[in-house]
Enquirer: 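First, the structure itself, so that you have it in front of you.
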Amino acid sequence: MRVPIRRSDKIPTEKIDTKITLEKYRSLSKTLEKLKNEIRPKESEEVKILSTTGDYSENAGYQAAKAKLRRTNNKISKIEYILNRADIIETNTKSDEIQIGSLVKLEIDGKIKQYQILGSAETDPNKGKISYISPLGSSLLGKKIGEFVSINNLKKYKIVEIK
């Protein structure tokens with residue numbers, strides 16, 4: 001008999017960045033509760049109902065419901081992993097050096113842009129949130145007001161303010 005290979009078994013496991021803000025921690029906690037208490041029970045019930053309607057191998061509805069439940073369980077596992085290993089980012093407003101959680105104003109080609117350096121789970125460059133792992137984020141860490149940062153010698157960033 002051949003052992004089935006599920007799609008989820010083919011997906012490589014990625015290294016998950018667990019540096020998150022307290023707001024993100026709370027948001028993930030709410031999402032986890034909703035997944036566990038509302039979504040998963042409904043999907044489990046749907047699988048249970050569809051399992052009685054015939055042969056598993058030819059039951060497309062059952063297969064789809066199982067895949068949906070598997071995705072939900074994977075989301076729950078990922079969120080639990082993050083919450084159990086969470087490294088909460090605390091902003092230190094009295095520091096004169098840029099660190100994870102800092103809000104930084106940079107001068108780029110005469111324009112002022114503001115970025116907050118966070119973990120990779122919360123990045124949104126369009127909203128001014130960059131990862132501490134990104135080229136710009138990692139080069140800013142440890143710098144002070146007035147210093148310059150260059151990435152690949154393409155652009156020069158001057159640090160104007162640190163909050």
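All heavy atoms count here, side chains included; hydrogens, waters and symmetry mates do not.
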Enquirer: Please list, one pair per line, the donor and acceptor atoms closer than 3.5 Å that link side chains of residues 138-149 to other protein atoms, with sequence neighbours excluded.
Expert:
from	atom 1	to	atom 2	distance (Å)
Ser138	OG	Ser134	O	2.9
Ser138	OG	Pro135	O	3.3
Ser139	OG	Pro135	O	3.0
Ser139	OG	Leu136	O	2.9
Glu147	OE2	Lys144	N	3.0

Enquirer: Provide the closest heavy-atom pair for Leu50 versus Ala65 in the form atom of the first, atom of the second, distance.
Expert: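 In this case the closest contact between Leu50 and Ala65 is CD1-CB, 3.8 Å.
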Enquirer: In chain order, what residues pass the side chain to side chain donor-acceptor pair (under 3.5 Å) check against Ser131, with sequence neighbours excluded?
Expert: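 For Ser131, no residue satisfies side chain to side chain donor-acceptor pair (under 3.5 Å) once neighbours in sequence are set aside.
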Enquirer: Only pairs under 3.5 Å count here: list side-chain donor-acceptor contacts from residues 103-118, not counting sequence neighbours, and write none if there are none.
Expert:
none

Enquirer: Closest heavy-atom contact between Ala121 and Ile20?
Expert: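 So the minimum-distance heavy-atom pair works out to CB-CG2, 4.2 Å.
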Enquirer: Apply salt bridge (Lys or Arg N to Asp or Glu O under 4.0 Å) to Lys19 and list each qualifying residue two or more places apart in sequence or on a separate chain.
Expert: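 By the salt bridge (Lys or Arg N to Asp or Glu O under 4.0 Å) rule, Lys19 matches Asp87.
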Enquirer: Residues two or more places apart in sequence or in another chain: which of them pass side chain to side chain contact (heavy atoms under 4.5 Å, CB included) with Tyr81?
Expert: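 With sequence neighbours excluded, Tyr81 shows a side chain to side chain contact (heavy atoms under 4.5 Å, CB included) to Ile16, Thr18, Arg85, given in chain and number order.
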Enquirer: To the nearest 0.5 Å, how far apart are CD1 in Ile76 and CZ in Arg71?
Expert: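 Going from the CD1 atom of Ile76 to the CZ atom of Arg71 covers 13.0 Å.
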Enquirer: Would you please name every residue forming a side chain to side chain donor-acceptor pair (under 3.5 Å) with Arg40, sequence neighbours left out?
Expert: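 Side chain to side chain donor-acceptor pair (under 3.5 Å) check on Arg40 returns Asn73.
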Enquirer: Enumerate the ring pair (Phe, Tyr, Trp, His ring centres under 6.0 Å) contacts for residues 58-79, please, sequence neighbours excluded, ordered by first and then second residue.
Expert: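 Pairs touching residues 58-79 that pass the test: Tyr56-Tyr62.
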Enquirer: Can you sort out the partners of Lys34 under salt bridge (Lys or Arg N to Asp or Glu O under 4.0 Å), two or more places apart, ordered by chain and number?
Expert: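 With sequence neighbours excluded, Lys34 shows a salt bridge (Lys or Arg N to Asp or Glu O under 4.0 Å) to no residue whatsoever.
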Enquirer: Run the side chain to side chain contact (heavy atoms under 4.5 Å, CB included) check on Lys42 and Glu46 step by step: do they pass?
Expert: CA-CA 6 Å; Lys42 287 179 187 175; Glu46 184 179 359; over 6 Å; no
Enquirer: With sequence neighbours left out, what residues match Asn84 under side chain to side chain donor-acceptor pair (under 3.5 Å)?
Expert: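 Partners of Asn84 under the side chain to side chain donor-acceptor pair (under 3.5 Å) test: none.
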Enquirer: Starting at CD1 of Ile151, measure out to NZ of Lys156 and round the result to the nearest 0.5 Å.
Expert: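 If we round to the nearest 0.5 Å, Ile151:CD1 and Lys156:NZ are 13.0 Å apart.
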Enquirer: First locate atom OG1 of Thr21, then atom CD of Glu122, and finally report the distance between them rounded to the nearest 0.5 Å.
Expert: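 Taking OG1 in Thr21 and CD in Glu122, the distance rounds to 3.5 Å.
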Enquirer: Under 3.5 Å, side chain of Asn59 to main-chain N/O of Ser51, donor-acceptor pair present?
Expert: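 No.
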Enquirer: Can Val160 be reached from Ile98 by stepping across I, L, V, M, F, W or Y side chains whose heavy atoms are under 4.5 Å apart?
Expert: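 Looking at the clustering, Val160 is in a separate group from Ile98.
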Enquirer: State which residues pass side chain to side chain donor-acceptor pair (under 3.5 Å) with Glu97; sequence neighbours excluded, sorted by chain then number.
Expert: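 None.
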Enquirer: Hey, is CG on Asn37 packed in by over 12 heavy atoms from elsewhere, all under 6.0 Å?
Expert: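 More than 12 heavy atoms, drawn from other residues, nucleotides or ligands, come within 6.0 Å of this atom.
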Enquirer: Measure from the side-chain N and O atoms of Asp17 to the backbone N and O of Ser120, and report whether any donor-acceptor pair falls under 3.5 Å.
Expert: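 Yes: the side chain of Asp17 pairs with the backbone of Ser120.
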Enquirer: Could you check Asp96 against Ile162 for side chain to side chain contact (heavy atoms under 4.5 Å, CB included), going step by step and ending with a plain yes or no?
Expert: CA-CA 7 Å; Asp96 59 342; Ile162 303 171; 5.8 Å; no
Enquirer: Who are the side chain to side chain contact (heavy atoms under 4.5 Å, CB included) partners of Glu43, not counting sequence neighbours?
Expert: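 So Glu43 forms a side chain to side chain contact (heavy atoms under 4.5 Å, CB included) with Ile39, Lys68, Leu69, Thr72.
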Enquirer: So, taking the atom named CD1 in Ile88 and the one named CD in Glu23, what distance separates them when rounded to the nearest 0.5 Å?
Expert: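 Reported to 0.5 Å precision, the distance equals 9.5 Å.
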